[in-house]
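Everything below concerns the one structure shown next.
Only this structure's heavy atoms are used, side chains among them; waters, hydrogens and symmetry mates stay out. Computed from a prediction, not measured in an experiment: that's the story for all the values here. Position 1 is the first residue of the sequence; numbering continues from there.
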Amino acid sequence: MNFDHALQQAGAADLTPQDLSLLKAIGYGVVREHRLLAEILSKLLSHPLKNEPEINALMLAGLFQLRSMRVAPHAAVGETVAAVTLLG
């Protein structure tokens, strides 16, 4: 399954074109820079995340936005926290 197909199955068709473009840019960026982002994240955490792949992925996405995109820091952090909160 490719990324576009996964987005379609997840209901991304309901997103605005701008939000879908942002989501794709973040997703592809995290995959492209995964090794570097994971290394940076490991240095920022006081202990590694265990059995929490969704939270890890969200943190990588937030870190990518802070490091590589023109997203305002407060927006990147706020949206990442909101997404983690949705997971419970």
Side-chain angles (χ1 to χ4, degrees):
M1 174 184 324
N2 67 30
F3 187 51
D4 288 330
H5 187 252
L7 288 174
Q8 187 178 34
Q9 283 190 321
D14 298 335
L15 297 175
T16 66
Q18 295 87 353
D19 286 344
L20 184 58
S21 292
L22 179 61
L23 179 59
K24 286 182 178 184
I26 293 167
Y28 285 121
V30 169
V31 170
R32 186 176 52 251
E33 297 184 17
H34 186 270
R35 177 182 272 169
L36 175 61
L37 294 170
E39 180 67 25
I40 293 169
L41 184 59
S42 72
K43 291 179 180 180
L44 294 172
L45 295 173
S46 58
H47 55 37
L49 295 173
K50 294 184 180 182
N51 299 321
E52 299 176 289
E54 293 90 357
I55 293 174
N56 187 68
L58 289 170
M59 291 179 77
L60 291 173
L63 184 57
F64 175 75
Q65 291 176 73
L66 290 170
R67 184 184 174 283
S68 302
M69 298 186 78
R70 293 181 184 174
V71 175
H74 71 276
V77 172
E79 290 301 318
T80 301
V81 170
V84 169
T85 302
L86 285 175
L87 292 176

Walk me through whether L87 and E52 qualify under side-chain contact (heavy atoms from CB on, under 4.5 Å).
CA-CA 10 Å; L87 292 176; E52 299 176 289; over 6 Å; no

Might you work through the side-chain contact (heavy atoms from CB on, under 4.5 Å) test for L15 and L7, ending with a clear yes or no?
CA-CA 10 Å; L15 297 175; L7 288 174; over 6 Å; no

Test side-chain contact (heavy atoms from CB on, under 4.5 Å) applied to M59 and L45, step by step:
CA-CA 10 Å; M59 291 179 77; L45 295 173; 3.5 Å; yes

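Remark: Q8 CD is loosely packed, at most 12 non-hydrogen atoms of other residues, nucleotides or ligands lying under 6.0 Å away.
Note: the hydrophobic cluster containing L44 does not contain L66 (ILVMFWY, side chain heavy atoms under 4.5 Å, direct or indirect links). Criterion: ILVMFWY side-chain heavy atoms under 4.5 Å apart, direct or through other members. Under it, I55 and V81 are not part of a common hydrophobic cluster. Hydrophobic clustering (ILVMFWY, side-chain heavy atoms < 4.5 Å, transitive): V30 and I40 are in one cluster. In terms of hydrophobic clustering, with Ile, Leu, Val, Met, Phe, Trp and Tyr side chains grouped at heavy-atom distances under 4.5 Å, L22 and F3 are assigned to different clusters.
In this structure, CD on E54 lies 12.5 Å from CG on L86, to the nearest 0.5 angstrom. For the atom pair CG of L23 and OG of S21, the computed distance is 9.5 Å after rounding to the nearest 0.5 Å. Residue N56 holds its CG atom at 6.0 Å from CG of L41, rounded to the nearest 0.5 Å. Expressed to the nearest 0.5 Å, how far CZ of R67 lies from CG of L36 amounts to 4.5 Å.
Under 4.0 Å is where a charged nitrogen must lie from a carboxylate oxygen, and between E39 and R35 no such pair does.
Side-chain contact between K24 and D4 is present, with heavy atoms from C-beta onward closer than 4.5 Å. Here the side chains of E79 and V71 are not in contact, with every heavy-atom distance at 4.5 Å or above. The closest side-chain heavy-atom distance from T80 to L63 is not below 4.5 Å.
The minimum heavy-atom distance linking G29 with L37 is given by the pair O-CD1, 4.5 Å. For A76 against G62, the heavy-atom pair with the smallest separation is CB-O, 4.3 Å.
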